[in-house]
Amino acid sequence: MAKIRPMTFTLTTPLYYVNDRPHIGSVYTTLAVDTLARFKRLRGEKVMFITGCDEHGQKIQRTAELASLEPQQHCDTISDAYAATWAAWGISNDRFIRTTDPRHKLLVAQFFERVQAKGDIVEGRQQGWYCVACEEYKDDAASATAPDCPIHQRPLEWRDELNLFFRLSRYQAEIEALISQADFIRPASRRHEVENFVQGGLKDFSISRINLPWGIPVPGHGEHTFYVWFDALLGYITALLEPDDPADLDVALARGWPAQLHVIGKDILRFHAVYWPAMCMSAGIEPPQAVFGHGFLTREGQKMGKSLGNSLDPMRLLDICGADAVRWYLLRDIQFGDDGDIQQQRLLDLVNNDLANTIGNLLNRTIAMARKWFEGVPNPLQLPDSQHPLALGAAAASAQLDDHYGQLAFQRAAQDVLQLAIAANGYLSERAPWTAIKDPAKQEQVAEDIYAVLETTRLVGVLLAALLPDLSARLLAQLGLPPASDWQGQLHWGQLLPGQPLEEPTPILQRLELEEPL
RNA sequence: GGCUCGGUAGCUCAGCUGGUUAGAGCACGGGAUUCAUAACCCCGGGGUCGGGAGUUCAAGUCUCCCCCGAGCCA
């Protein structure tokens with residue numbers, strides 16, 4: 001069955017909770033989504049890449065109080081830190097939405113009205129043990145005396161209040177149907193988890209809190225504010241608004257809903273794959289088309305965290321290693337979806353081997369030969385054509401890359417490009433132009449070989465554009481070319497201009513050498 | 001406690017519906033080479049595929065039990 005392709009490919013990172021400054025996990029998610037967004041753009045699709053911050057809830061209010069700040073001040077600070085982080089890493093997001101945006105509040109109200117009109121809002125009494133850090137009720141028995149949150153190791157708080165409930169239970173069948181679609185929840189391993197949960201029977205969940213000033217007021221329900229999770233995900237829709245658009249739900253939806261893909265950490269899969277689609281259905285809005293829950297990062301085998309003091313500061317990492325190196329390491333070495341372990345030695349090995357030695361040196365050595373023997377791109381009588389082994393290799397790499405990006409298999413996509421560079425290096429040693437050039441009768445052959453390898457290197461640069469935008473641009477610049485912008489045109493074999501002069505090469509990436517731990 | 005997913009070379013992992021001497025990258029050792037960021041290219045060592053039993057002509061690959069780890073739900 002052919003799916004109708006919407007005009008806009010909307011994809012999102014989570015809206016990061018402003019409880020604390022950005023950590024490496026958020027960077028990881030965002031880098032992955034950035035890569036996918038760049039890939040889609042290179043493939044000629046219109047992309048709407050959304051990220052932002054989720055800023056309401058009791059946890060934020062308390063964190064602000066502890067710092068003697070107004071919640072809004074606190075949110076501004078952290079939110080700015082996120083925006084600055086993305087700018088520093090060169091993230092190509094089209095939107096940065098904050099759930100404290102005035103227009104967001106209006107959309108939440110409109111959304112709520114729709115859900116209420118549908119008869120999906122009821123009053124109920126919520127009793128139980130609550131973890132503020134999770135912003136979640138736990139299943140501990142009411143008779144427990146002083147339970148702790150198993151995740152946060154902090155005391156749970158007893159709550160007994162009147163809340164508004166969303167009648168999630170009404171959507172049991174529809175949610176089951178939705179998540180049974182093969183590609184709705186990925187990776188598949190996590191789908192079973194959600195299926196299990198849903199099979200257990202969906203229960204209505206409370207969507208409001210009383211006595212919580214730091215939240216969006218529930219229209220028509222005086223003292224209630226929305227539970228963070230009810231308003232947060234709507235940020236994906238608010239984000240679609242153009243700067244001059246009115247705060248109107250339908251206008252926003254027309255700008256690019258449904259989202260094609262929500263990329264999130266595995267911990268919030270249920271909210272995105274169950275609660276959120278049901279809320280959309282209730283409001284008469286199409287649910288998102290897919291949710292991908294990736295794994296978590298550890299560091300040298302250990303969980304990262306304040307308590308262990310082994311967190312990896314993203315800004316420091318960026319300063320020391322650079323965005324290219326970190327992007328390469330995280331996306332090339334960790335299967336997206338699985339948990340991954342960050343190891344400093346491994347990072348150095350891979351970055352130095354793959355980027356500096358294999359790809360960087362390929363460019364360097366090839367340009368050096370071209371300059372030395374041909375004063376630029378060689379101009380053989382017969383240009384290597386699209387049947388040249390390297391041309392075939394490049395075409396194959398490109399096809400596989402498409403496939404792998406489609407599966408969010410960044411690791412494989414990275415290896416596709418790397419393989420092409422390895423093939424080019426292998427071709428050089430096989431042809432040994434440095435020997436052949438000594439024989440005047442072989443000048444023509446050398447010209448052909450160098451042209452083929454230079455052209456392959458160009459394609460390596462083009463294919464790298466989504467994964468390593470900066471390094472790709474630096475590589476192409478040394479071939480006298482602009483950054484890759486359109487794969488349709490730029491992936492064809494044979495675009496290097498014969499006879500074009502080449503500047504003296506400079507390493508596109510210095511080998512990393514770290515004396516101290518990151 | 002129930003369920004799910006893992007346990008394959010020193011490290012990180014591929015191995016689809018069972019079928020030639022179990023693979024890759026990194027690390028390590030050796031060789032070749034000089035165009036190049038002491039880079040590139042080639043070769044090699046190393047694994048009783050968590051343990052045990054079973055099914056089969058044939059099992060990392062299927063079944064059962066056990067051990068270990070992670071997760072989801074209670």
Side-chain angles (χ1 to χ4, degrees), chain A residues 136 138-141 144 150-151 185 187-203 265-270 273-274 293-298 300-303 328-330 332-374 378 404 409 411-412 414-416 418-419 421-438 446-447 449-450 453-454 457 471 474-475 478 502 504-513:
Chain A
E136 225 179 8
K138 297 295 172 180
D139 294 318
D140 292 66
I151 297 169
I185 296 173
S189 52
R190 290 200 212 296
R191 191 169 108 211
H192 305 311
E193 238 171 66
V194 178
E195 279 172 346
N196 262 335
F197 170 75
V198 172
Q199 271 164 21
L202 294 176
K203 293 184 212 116
K266 60 184 182 179
D267 55 330
I268 53 175
L269 185 55
R270 196 199 302 170
V274 178
H294 71 248
F296 286 159
L297 299 176
T298 53
E300 312 291 350
Q302 289 191 302
K303 272 188 185 171
W328 182 256
Y329 173 61
L330 292 178
R332 125 102 219 229
D333 200 38
I334 297 167
Q335 166 127 37
F336 197 59
D338 290 355
D339 289 346
D341 190 41
I342 298 180
Q343 297 173 348
Q344 178 161 336
Q345 189 58 51
R346 176 97 179 141
L347 186 157
L348 296 185
D349 285 343
L350 288 187
V351 167
N352 288 342
N353 276 306
D354 299 344
L355 301 185
N357 297 351
T358 301
I359 293 172
N361 185 47
L362 170 67
L363 176 76
N364 212 272
R365 68 195 300 209
T366 312
I367 289 183
M369 287 185 275
R371 280 168 52 86
K372 187 183 257 185
W373 303 324
F374 305 99
H404 289 146
Q411 189 190 27
R412 296 189 180 223
Q415 310 234 22
D416 293 334
L418 188 61
Q419 283 313 313
I422 289 173
N425 275 321
Y427 187 77
L428 278 178
S429 44
E430 188 186 308
R431 309 288 291 182
W434 44 88
T435 305
I437 196 67
K438 293 171 186 162
V446 173
D449 289 345
I450 296 295
V453 174
L454 266 181
T457 307
L471 185 136
R474 271 180 271 138
L475 188 160
Q478 294 204 36
L502 292 169
E504 189 173 344
T506 54
I508 52 171
L509 188 94
Q510 283 302 339
R511 297 165 61 81
L512 287 177
E513 282 169 37

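Heavy-atom nearest nucleotides on RNA chain B were determined for A/R190 and for A/T358, and the one closer to the 5' end corresponds to A/T358. For the pair A/H192 and A/L355, both in contact range of RNA chain B, the more 5′-proximal nearest nucleotide belongs to A/H192.
The interatomic distance linking A/I359 (CD1) with B/rA39 (P) rounds to 16 Å, in whole Å. Atom CG of A/L362 and atom P of B/rU34 are 19 Å apart (whole Å). Going from atom CG of A/L348 over to atom C1' of B/rU12 covers 15 Å, rounded to whole Å. For the pair A/E195 CD and B/rC3 P, the interatomic distance rounds to 17 Å; values are reported in whole Å. Between A/I342 atom CD1 and B/rC11 atom P the separation is 20 Å, expressed in whole Å. In this structure, A/L502 places its CG atom 18 Å from P of B/rC35, rounding to the nearest Å. A straight line from CG of A/D354 to P of B/rU12 spans 18 Å, rounded to a whole angstrom. In this structure, CG of A/L454 is placed 12 Å from C1' of B/rC35, rounded to the nearest angstrom.
Spacing of P atoms, B/rG44 relative to B/rA24, comes out at 10 Å, to the nearest Å. Nucleotides B/rU17 and B/rG60 have their P atoms positioned 15 Å apart, rounded to a whole Å. Taking the P atom of each, B/rC41 and B/rC49 are spaced 33 Å apart, rounded to whole Å. Taking atom P in both B/rG23 and B/rC43, one finds a spacing of 14 Å when rounded to whole Å. One C1' atom belongs to B/rC66, the other to B/rC28, and the distance between them is 36 Å to the nearest Å. Across B/rC3 and B/rG10, the matching C1' atoms stand 35 Å from one another, rounded to whole Å. Straight-line distance between the C1' atoms of B/rC57 and B/rG6: roughly 31 Å, to the nearest whole Å. The gap from the C1' atom of B/rU8 to that of B/rG47 amounts to 8 Å, rounded to the nearest Å.
Interatomic distance, CG of A/L350 versus CG of A/L330, reported as 11.0 Å (0.5 Å rounding). In this structure, CD in A/E504 is found 10.5 Å from CD1 in A/I367, a value given to the nearest 0.5 Å. Interatomic distance, CG of A/N352 versus CG of A/L347, reported as 9.0 Å (0.5 Å rounding).
Distances were taken from every side-chain heavy atom of A/A356 (C-beta onward) to each of B/rG25, B/rU37, B/rG71; the shortest belongs to B/rU37. Ranking B/rC35, B/rA14, B/rA27 by closeness to the A/Q335 side chain, first place goes to B/rA14. Checking B/rC72, B/rA36, B/rU37 against the side-chain heavy atoms of A/A368 singles out B/rA36 as nearest. Looking at the side chain of A/N364, the nearest of the listed nucleotides B/rA36, B/rC40, B/rG25 is B/rA36. You'll find that the side chain of A/S429 is closest to B/rC41, out of B/rA14, B/rA39, B/rC41. Nearest to the side chain of A/W434, among B/rA39, B/rA70, B/rU33, sits B/rU33. Side-chain proximity of A/D338 to B/rG25, B/rA14, B/rA74: nearest is B/rA14. If you check B/rA14, B/rA27, B/rC41 against the side chain of A/D349, the one that comes closest is B/rA27.
By the neighbour-count criterion of 12 heavy atoms within 6.0 Å, atom CZ of A/R412 is sparsely surrounded, having that number or fewer from other residues, nucleotides or ligands.
Heavy atoms of A/E430 sit nowhere under 4.0 angstrom from any nucleic acid atom. Contact annotation for A/K372: backbone-only contact, meaning every heavy-atom pair under 4.0 Å involves sugar-phosphate atoms and none involves a base. Using a 4.0 Å heavy-atom cutoff across all strands shown, A/P507 reaches at least one base atom of the nucleic acid. Heavy atoms of A/L509 sit under 4.0 angstrom from at least one base atom. Residue contacts shown for A/G360 include a base, since a base heavy atom lies under 4.0 Å away. Within the nucleic acid shown, A/R332 comes within 4.0 Å of sugar-phosphate atoms alone, with no base atom in reach, counting heavy atoms only. Among the atoms of the strands shown, none is found under 4.0 Å from any heavy atom of A/L363. Counting non-hydrogen atoms under 4.0 angstrom, A/N353 reaches the backbone sugars and phosphates but no base.
Checking side-chain atoms of A/E300 against main-chain N and O of A/Q344 turns up a donor-acceptor pair under 3.5 Å. Not a single donor-acceptor pair under 3.5 Å links the side chain of A/D339 to the backbone N or O of A/T298. With hydrogens and angles disregarded, a donor-acceptor distance shorter than 3.5 Å links the side chain of A/R190 to the backbone of A/G293. Between the A/N353 side chain and the A/D349 main chain, a donor and an acceptor come within less than 3.5 Å of each other.
B/rG30 has its base anti relative to the sugar, with a glycosidic angle deviating from 0 by more than 90°.
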- prompt: How is the base pairing of RNA chain B summarised as a dot-bracket string, given the Watson-Crick and G-U wobble criteria with both distances under 3.5 Å, [ ] for crossing and | for another strand?
  reply: (((((((..((((.....[...)))).((((.........)))).....(((((..]....)))))))))))).
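Salt-bridge formation is not detected for the pair A/R346/A/D341: no Lys NZ or Arg NE/NH1/NH2 atom is positioned less than 4.0 Å from an Asp or Glu carboxylate oxygen.
A donor-acceptor contact under 3.5 Å links the side chain of A/N361 to the base of B/rA36.
Exactly one residue among A/K372, A/R431, A/M369 makes a side-chain contact (heavy atoms from CB on, under 4.5 Å) with A/I450. That residue is A/M369.
Between A/N196 and the phosphate of B/rC3, there is no side-chain N or O to OP1/OP2 separation shorter than 4.0 Å.
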